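Below, chains carry the letters A, B, ... as their sequence lines are ordered, and counting in each starts from 1. Here the structure is a predicted model, which means the values were calculated and not measured.
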Amino acid sequence: MSEYSKDYTMDEMLTVLMAREVRNDDVMIVGVATPCVWAAFTLAKVTHAPDAIFHYIMGNTYVFEPRQVSLLYLEMNTARAYKFQNSGECTLESLPSDTLTTIEWFRPAQIDMYGNTNNICIGEWKNPKIRFPGCAGIADFSMFYSRGSFLYTPRHDRKTFVPKVDFISGVGFPDGKPSICGGSGPQCVITNLAYLTFDNETKRMKIGTIHPGIDLETVKKSTGFELIIPKDLKETKPPTEKEIKLLRGKVDPLEIRKLEVLGGKEREELLNQVIEKELAMEKRFPNLLL
Amino acid sequence: MSEYSKDYTMDEMLTVLMAREVRNDDVMIVGVATPCVWAAFTLAKVTHAPDAIFHYIMGNTYVFEPRQVSLLYLEMNTARAYKFQNSGECTLESLPSDTLTTIEWFRPAQIDMYGNTNNICIGEWKNPKIRFPGCAGIADFSMFYSRGSFLYTPRHDRKTFVPKVDFISGVGFPDGKPSICGGSGPQCVITNLAYLTFDNETKRMKIGTIHPGIDLETVKKSTGFELIIPKDLKETKPPTEKEIKLLRGKVDPLEIRKLEVLGGKEREELLNQVIEKELAMEKRFPNLLL
Amino acid sequence: MDSKLMSLEEAISSYVQNGDLIGIGGLSFWRKPICACREIIRQEKKDLSICTFVGGIDVDMLVGGGCVSEIRASFVGMEVFGMAPHYRKGVESGEIRISEESEASIALGLKCSYLKVPFMPLKGIIGTDFPKVRDDIKQFEDPLGSGTQLMAMPKIDLDVAIVHVNDADEFGNGNIEGAVWLDDDMAKTAKKTIIISEKLVETEDIIRLPRRAQIPMQTTAAVVKVPFGAHPTSCFPNYTFDPIHIQTYLKTDFEEYKRKYILNKTHSQYLEEVGGVQTILNVLL
Amino acid sequence: MDSKLMSLEEAISSYVQNGDLIGIGGLSFWRKPICACREIIRQEKKDLSICTFVGGIDVDMLVGGGCVSEIRASFVGMEVFGMAPHYRKGVESGEIRISEESEASIALGLKCSYLKVPFMPLKGIIGTDFPKVRDDIKQFEDPLGSGTQLMAMPKIDLDVAIVHVNDADEFGNGNIEGAVWLDDDMAKTAKKTIIISEKLVETEDIIRLPRRAQIPMQTTAAVVKVPFGAHPTSCFPNYTFDPIHIQTYLKTDFEEYKRKYILNKTHSQYLEEVGGVQTILNVLL
């Protein structure tokens, strides 16, 4: 066993926890603008899931090799494909036949206790206070997957965890009923505070583990509904030294994953740094990690 | 104007008449085992329809260049494609959007006065006297095409032209009603005796023209239902010298088209001849006709 | 990653069960996994339902071998060589059930799996006699209220897909050089997929074929290398179909054909029987 | 055969009408026909409905330019650069109508054209709030009697498709090197298709690209050559997206942006304004 890291950051905790959910026979679906997800899948691939396969929405490709996470050259990664499909059907065709298992991470803007999610708007749909980009494929696919759907957010607060989402664009376990389309439904929500899961019986969200240094009260206060709390509350296993070393040294040395976590000035500075570094690269195929 | 040929054969008459139906902006759909159709399309391409495009079911390809008709090397022709699709969808996708016009020739085993066709069986479906190969795409597509569907048979007799087909596998104008799926319905039936078409009002089959040397009585006797006979009955314009020269010299010098017309011993001899000649060819991409 | 490489015998005995619905790739005389058909006959599989886009000698041979109880194909014939004799006899005698199909009914039936829907709507078929002989299809009206009449074509759930490809790696990535037809849909939606390949290549080589390797390893159960395995059908761009052997097939009593070309024959012995080197030279492009 | 080659100005003025439903190819920041978006703004087209799989600066710019009344996209955002400001403002202020879409609703909506069916069935969407805001979709039960609940997703009928490709010939055969997404479906089903191409090639060259030329000329109305025409989005494998210009876009008031980069600018002048040679070297792969 590798020792646990002592200086990991929150983005690293998120990424490592997401990586740990990947199984060796998964197809890992990578959407757009989700560097944490990409970093997590890549980390999984170079640690415990060497046979897992990337499926890039970006390229409509299945890709076998892991490469360094990149901001500008994602498309180059997706081009190294052994399956290049001709159309948007790839998206539809990755809806697994029962012989395929997939893992896809969704980041909801709002989520309720049954794992219903909202990526559409805050306020009334017709006159929204905030209009979000839209739900992309969440409404289509989240309830299909036999392995279920996987959720994460670096913003565990009462704006995200709400009693009732303003628009259901991803279906969880409505009213505590099993997933309506045959999939396994939401499996977990990984946040900056805790690893959340769903109760087998009631289908309500419950605390799986709490991250080191976070107390129960903080989690409760940051959640807009009542969470089920296990009697024997455990702490999340933090990233190991090995995971951190790989993440920082190889998988995402430019820290692009942090763009999902930072805000304001800090975020802009990081963005500029990454752009500068990547534009300066002569070779624009990100490093192969084998 | 080129002069009319005086020594054309029946297969040449059929092929030339089929070629004449092609328009310059058509997509010409080539199925399997229909050398007359292929010869007709190729002839059209090298005469009046230079811009028409082949769509080979065999290769799922659109092909621009005309090549000599071949028995063994059809697949080689289809490979010279500028569009190579990935799946059977090509068949579905050639269902023209309204901006595309297609022409496809079907050869029915039975046909009735409204152009309903049968390629399934003779006798009762459950206990057929004769089971035919099946209808391939006729049931799907024949009623869609905006230009309508095109029919031919080298066997104008009462076995083919029947009062009632034993199984409707291609829809014409049932009970004299317009095509039910928005297409134009059957346009013509080209036979060894006549050029048949459909009456605008009643949608019943009528004689367009009768081939030279055939009398009306023969056509009537060979048809199992009453044909509409125009008052001013005209003769079919025979193949021109130029058409015949191209067909014999360039388009189909091995006379593969005749396989659709001949039977028994004669057919077997021709088949053996063609096979022998084609196996002896060093270069297996049939000649380009440009 | 585990290799899925095995012998043809092992692949068929492990993955084809009596009573299965088997999807067969290729079209007519083109890129058909005929070596697998011979193996199925050798293993005396029974009661198979055979689904193929356009069938030819593949379907006919399996019927002749007594392996088939039902056929789902839009067409079964021997092209310009004539009718498929055993298919025809089987249907006319009532021994073989037919699920009457069109091109779209098979193409759409397979597509259902991706979307996990029980049917796909088709505008065709309406007005034909198909509904009289298919109680699993149904005419219905557009639920969106346009008044359009449509035909609901049911999902096709293959137990096994058998496809012949040009290149495959040992993990089950398969590449087809010519037309794909429904092979990718069959391979990706069947419960178990057997790939017969002309050639074994490294995964590396497959990666270098952008937009080619249409059959991803995830759904492949077995990979079998059989050069000339599609004979007497074609495998573009390697070889064309063998018209002489197809004529021989049509002229030979099936029991004799079976004795001479199928039973107790290794693939090498089969190739010798069908004409050996000269036949190979005949069909190579 | 007639050449369909024309200037961008002519293509947009001839084929884009106020009120049209316009399909835009590409995805997010990747292979978007941005030069055509600028031309649409220059020509002050109004009341357009914009349909795209995943929108970014394309949709945002057209909204900023006042050309759009309705959006049909599964997502409109600026990736890691943030939200799409004009899109967001347009929707929040009620100026822009939204047809709420998912990935499948657009993919399937376009596929309807091929089969000439008014809808396609989807197992997703059920249970979401989409039906509350889309009165043109409807839940219905499998007509084949399985009891499965499905959602009927309506046909999408594009008036115009605008796609950016790597290579095209003057007759309108277009080739895309990287991912195609829904570009082929848009191009093949729209009433009129405008191809913007990085490069003009001979038909011969297109023929040599098996399985590539995804856009057949039959449905193409206009071919326009515009090298770097997708800037500031990418065109794989020629160039990647321009993160610096995207940041500039987000920081600049739209009226100023329009003055500086759009109005009265030739393509050459535009490329100079966005940084000229250095920008070209930045984005080239």
Side chains of residues 22-30 of chain D: which donor-acceptor pairs under 3.5 Å do they make with residues two or more places apart or in other chains?
| unit_1 | atom_1 | unit_2 | atom_2 | d |
| --- | --- | --- | --- | --- |
| D/Ser28 | OG | D/Glu79 | OE2 | 2.4 |
| D/Trp30 | NE1 | D/Glu79 | OE2 | 3.0 |

Please list, in residue-number order, every residue in residues 128-146 of chain D that has a heavy atom less than 4.5 Å from any heavy atom of chain C; write 'none' if there are none.
D/Asp136, D/Ile137, D/Lys138, D/Phe140, D/Asp142, D/Pro143, D/Leu144, D/Ser146
At what distance, to the nearest 0.5 angstrom, does CE of C/Met153 lie from CG of D/Leu115?
11.5 Å
For the atom pair CG (D/Leu150) and CZ (C/Phe119), what is the distance rounded to the nearest 0.5 Å?
6.0 Å
What's the spacing between D/Met120 CE and C/Leu108 CG if we round to 0.5 Å?
7.0 Å
Could you report the tightest heavy-atom contact between C/Pro121 and D/Val117, atom names first, then the distance?
O-CG1, 3.7 Å
